[in-house]
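Notes follow once the structure below has been shown.
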Amino acid sequence: QVQLVEFGGGLVQAGGSLRLACAASGRTFSSYGMGWFRQAPGKEREFVASIDWSGAITYYTDSVKGRFTISRDNAKATVYLQMNSLKPEDTAVYYCARGSTGRGQGPYEHWGQGTQVTVSS
């Protein structure tokens, strides 16, 4: 059974930084792509970033390109999201997800419980 647990959310001022982490259980972490998604109040969940099994290929939604960086440590079964130059519109619950293949694209079949990120202006 796969479990994903996110860490690192919190309250930060605009322009600040946060680093999210998502720890995965199970021995096959390194075989699968991983993704980060977010959901703001009153909005649908949206894709933020993803990474393939090796860490060599990454994808980002346009609004976070140049500000966010996704990475992974397969030895620690953990995926990270470094968020810099945060904006109030980045405020959301952030979720990590495990893909069903090694590619850095969906579909995603396992989800964490989410961690709140709040950016004050």
Side-chain angles (χ1 to χ4, degrees):
Q1 184 176 358
V2 176
Q3 289 187 326
L4 303 173
V5 181
E6 299 98 337
F7 302 93
L11 174 64
V12 64
Q13 289 187 333
S17 298
L18 281 175
R19 188 193 196 201
L20 304 183
C22 171
S25 64
R27 300 180 181 178
T28 59
F29 175 83
S30 61
S31 299
Y32 295 95
M34 297 293 296
W36 285 98
F37 293 76
R38 66 186 180 186
Q39 187 167 20
K43 295 186 177 181
E44 294 186 353
R45 187 176 298 185
E46 66 170 350
F47 168 80
V48 176
S50 63
I51 189 167
D52 78 331
W53 70 274
S54 70
I57 301 174
T58 58
Y59 303 89
Y60 297 93
T61 192
D62 286 347
S63 63
V64 307
K65 285 180 180 177
R67 299 189 298 122
F68 291 12
T69 303
I70 188 171
S71 61
R72 67 189 295 159
D73 185 336
N74 286 341
K76 296 182 178 179
T78 301
V79 62
Y80 304 95
L81 185 68
Q82 178 67 44
M83 306 185 294
N84 298 329
S85 302
L86 283 161
K87 304 175 181 180
E89 51 263 44
D90 294 318
T91 295
V93 177
Y94 283 71
Y95 300 88
C96 72
R98 198 198 80 172
S100 58
T101 73
R103 298 176 301 171
Q105 298 171 304
Y108 295 91
E109 56 185 7
H110 298 283
W111 295 82
Q113 83 289 348
T115 186
Q116 177 70 47
V117 171
T118 302
V119 184
S120 64
S121 58

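Below, each value reflects all heavy atoms present in this structure, side chains not excepted, and no hydrogens, waters or symmetry copies. Just so it is clear, the structure is predicted and the values come from calculations on it, not from any experiment.
- Distance CD1/I70 to CD1/I57: 12.5 Å, rounded to 0.5 Å.
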**OP:** Would you please test S17 and Q82 for side-chain contact (heavy atoms from CB on, under 4.5 Å) and show each step?
**Re:** CA-CA 8 Å; S17 298; Q82 178 67 44; 4.0 Å; yes
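- The nearest pair of heavy atoms linking G55 to T58 is O-CG2, 4.4 Å.
- Counting only heavy atoms from C-beta outward, the side chains of M83 and D90 never approach each other to under 4.5 Å.
- The structure places OG1 of T91 at 7.0 Å from CD of Q116, a figure rounded to the nearest 0.5 Å.
- Closest heavy-atom contact between K65 and D62: NZ-OD1, 3.0 Å.
- There is a path of hydrophobic side-chain contacts, each under 4.5 Å, that joins W36 to V12.
- Side-chain contact between R38 and E46 is present, with heavy atoms from C-beta onward closer than 4.5 Å.
- Figure legend: cation-pi geometry between R103 and Y59 absent, as NZ or CZ is not positioned both under 6.0 Å from the six-membered ring centre and within 45° of its axis.
- Linking Ile, Leu, Val, Met, Phe, Trp and Tyr residues whenever their side-chain heavy atoms come within less than 4.5 Å leaves F37 and M34 in two separate clusters.
- Summarising the geometry of V48 relative to Y94, their closest heavy-atom pair is CG2-CE2, 4.3 Å, with the distance given to 0.1 Å.
- Grouping Ile, Leu, Val, Met, Phe, Trp and Tyr residues whose side-chain heavy atoms lie under 4.5 Å apart, directly or via other members, places V5 in a hydrophobic cluster with F7.
- In this structure, S50 contributes its side chain and G104 its backbone to a donor-acceptor pair below 3.5 Å.
- Counting only heavy atoms from C-beta outward, the side chains of L81 and V79 never approach each other to under 4.5 Å.
- Residues L20 and Y95 are not in side-chain contact: their nearest non-hydrogen atoms beyond the backbone lie 4.5 Å or more apart.
- No chain of hydrophobic side-chain contacts below 4.5 Å, direct or via other Ile, Leu, Val, Met, Phe, Trp or Tyr residues, connects L18 to Y80.
- Distance OG/S63 to NZ/K87: 8.0 Å, rounded to 0.5 Å.
- Closest approach of L11 to S120, counting heavy atoms only: CD1-CB, 4.3 Å.
- When every heavy atom of N74 is checked against every heavy atom of F29, the shortest pair comes out as OD1-CE2, 3.2 Å.
- A23 and T78 get closest at one heavy-atom pair: CA-OG1, 4.1 Å.
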Side chains of residues 107-115: which donor-acceptor pairs under 3.5 Å do they make with residues two or more places apart or in other chains?
residue, atom, partner, partner atom, Å
E109, OE2, R98, NH2, 2.6
Q113, NE2, E6, OE1, 3.3
T115, OG1, G9, N, 3.3

Original post:
Run the side-chain contact (heavy atoms from CB on, under 4.5 Å) check on W53 and Y32 step by step: do they pass?
Top reply: CA-CA 5 Å; W53 70 274; Y32 295 95; over 6 Å; no
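- Checking side-chain atoms of S121 against main-chain N and O of P88 turns up no donor-acceptor pair under 3.5 Å.
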Subject >> Test log, rule side-chain contact (heavy atoms from CB on, under 4.5 Å), inputs Y60 and I51 >> reply: CA-CA 9 Å; Y60 297 93; I51 189 167; over 6 Å; no
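- Residues passing the side chain to side chain donor-acceptor pair (under 3.5 Å) test with R19, sequence neighbours excluded: none.
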